J.: 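Following this message is one structure expressed as structure tokens.
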Number of protein chains: 2
Amino acid sequence: MSNKRTRDRIVEEADQLFYQQGFEHTSFAQIAEALGISRGNFYYHFKTKDEILDAVINYRLTRTHAMLEHWEIEGATPLDRIRSFINILVMNQAKIKQHGCPVGTLSMELTKLNHSSREHANKLFTLFRIWLSRQFEQLGHHKHADELAMHLLSLSQGVATLYSAFQDDEFINHEAARIQDWLSAIATQTQTQQEKL
Amino acid sequence: MSNKRTRDRIVEEADQLFYQQGFEHTSFAQIAEALGISRGNFYYHFKTKDEILDAVINYRLTRTHAMLEHWEIEGATPLDRIRSFINILVMNQAKIKQHGCPVGTLSMELTKLNHSSREHANKLFTLFRIWLSRQFEQLGHHKHADELAMHLLSLSQGVATLYSAFQDDEFINHEAARIQDWLSAIATQTQTQQEKL
DNA sequence: GCCATTCTAGGACAACCATCCTAGAATAAT
DNA sequence: ATTATTCTAGGATGGTTGTCCTAGAATGGC
């Protein structure tokens, strides 16, 4: 079954193009041309464009989930794991500079389109949120774990957007370092609390 | 000349619709219908859709500029003025919940569209940036004024995006308060520095 | 009141879009 | 080898888009 192969290729190409150009601005013809397949062939694998979008979101959910799990397995401390998350800003610097945060930009676009897959796309945010929340819990911040997770998501989201707008390399590196410092303070704060007990 | 009237009405309606639905997803027909004028009539006032976009951006620049100037005139301290900026999150809460930050979402959309007015739209960010930078300077942070301005822009941008995604009222109020606290710390820090001198 | 300018209406146009359809190629099952 | 299934190609369709064009209405100056 070369079925799987073509279907996956469509999803992967759509994933890239949706990120680079946005969902609405990407047409079937473009994806088809990029893959060297015919437009009509699409409709064997996906009945509608929305179906491709959902497949792309699932693809991203799977990959993100795998990444987060990989970080957990590596036997590092929760602090290290959160640092890995913050480092996404630096690791994906080039792409963020060009196309912003893939999670945030898709979420915003689907919001404007009043698209039915909006909530599905927001699960990407939730995935990070829950994972981060768990890490903060393991750091000892049981009460404010979710709050800290949301705050960290906010921070990186804002940095990604402004970096994409101003394209200032110094800015993103400085902000990434700043967030790491913030995290250090959080971690110290925990230790102090633990010493009290 | 009722010319002015119609032209302005187009810009104002386009401003709203671009914010609510995005630039690309808003059609001439929609704007025309909302205003009760004919499609063809558009092309007397604007030769292309991009021209409307530029007019909308200028409109926003003017209004934002006026708002910032108004804050300066009111005879408050720079600290109060920055607090006014942070309070945008609370004041425009309902709109941000539905459509995100008007500056950030337009900037991101035009980036994805590879649109020629991208830099024009980013001037909205620059307007806030320069204004905030000036306020921080007046607060005594001469060296890091721009850095603080960018940081504050990041913070509010991130909060707006996540609020729009999760629609959590508690979150935005908490984060707004948190940013105000951050600002208080910045202001205190200045005072300490000044006491040293 | 007449004329020039300014404005408006609405149809026509080509381009593009997502989607559908059908015929045939490739592949797998027997 | 033959049949059934899976996959692909590419044209056709109907709707929407931005843009253009022309005829006429409204308006202002004289």
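Predicted model only: the values in this text are computed from it and were never measured. Below, read A as the first sequence line, B as the second, and so on, with proteins coming before strands; counting in each chain starts at 1.
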J.: The side chain of N41(B) lies closest to which of these nucleotides: dA9(C), dA18(C), dT8(D)?
T.: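 Looking only at side-chain atoms, N41(B) lies closest to dA9(C).
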
J.: Rounding to a whole Å, what distance do you find between H25(A):NE2 and dC16(C):P?
T.: 12 Å

J.: Once you round it to whole Å, what is the distance between P of dT17(D) and CD1 of I52(B)?
T.: 14 Å

J.: Do I57(A) and L106(A) make a side-chain contact, defined as non-hydrogen atoms from C-beta onward lying under 4.5 Å apart?
T.: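 Yes - at least one pair of side-chain heavy atoms lies under 4.5 Å apart.
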
J.: Among dA9(C), dC7(D), dA12(C), which nucleotide sits nearest the side chain of R39(B)?
T.: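 Taking heavy atoms from C-beta onward, the closest nucleotide is dA12(C).
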
J.: Can you check whether F128(B) reaches S156(B) side chain to side chain, under 4.5 Å on heavy atoms?
T.: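 No; the side chains remain at least 4.5 Å from each other.
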
J.: Distance check needed: dA9(C) P versus I10(B) CD1, whole Å only.
T.: 10 Å

J.: Y44(A) side chain N/O closer than 4.0 Å to the phosphate oxygens (OP1, OP2) of dC7(D)?
T.: yes

J.: In whole Å, I'd like the distance from the CG atom of L17(A) to the P atom of dC17(C).
T.: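 The answer, rounded to whole Å, is 13 Å.
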
J.: Does E24(A) pair with K112(A) as a salt bridge, N-O distance under 4.0 Å?
T.: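 Answer for the salt bridge query: no.
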
J.: dC17(C), dA9(D), dT8(C): which one has an atom nearest the side-chain heavy atoms of I37(A)?
T.: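 That would be dA9(D).
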
J.: Between atom CZ in F28(B) and atom C1' in dA9(C), what is the gap in whole Å?
T.: 16 Å

J.: Taking the minimum atom-to-atom distance to the side chain of S27(A), which one of dT19(C), dC17(C), dT8(C) wins?
T.: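 Selected nucleotide (nearest to the side chain): dC17(C).
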
J.: For dT6(C), does either OP1 or OP2 sit under 4.0 Å from a side-chain N or O belonging to H45(B)?
T.: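 Negative; the distance criterion is not met.
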
J.: I need the CZ-P distance between R7(A) and dT8(D), as an integer number of Å.
T.: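 Atom CZ in R7(A) sits about 13 Å away from atom P in dT8(D).
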
J.: Quick check with a 6.0 Å cut-off and a 45 degree axis cone: is R60(A) positioned over the face of F18(A)'s six-membered ring?
T.: no

J.: Between dC20(D), dT8(D), dT8(C), spot the one nearest the side chain of Y43(B), thanks.
T.: dC20(D)

J.: With a 4.5 Å limit on heavy-atom distance, are the side chains of E175(A) and Y163(A) in contact?
T.: no

J.: Which nucleotide wins on minimum distance to the side chain of T48(B), given the candidates dT19(D), dC20(C), dT8(D)?
T.: dT19(D)

J.: Roughly how many Å is it from CD in E24(B) to P in dT16(D), rounded to a whole number?
T.: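 Distance, rounded to whole Å: 17 Å.
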
J.: Without decimals, in angstroms, what is the distance between E51(A) CD and dA18(C) P?
T.: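 Atom CD in E51(A) sits about 15 Å away from atom P in dA18(C).
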
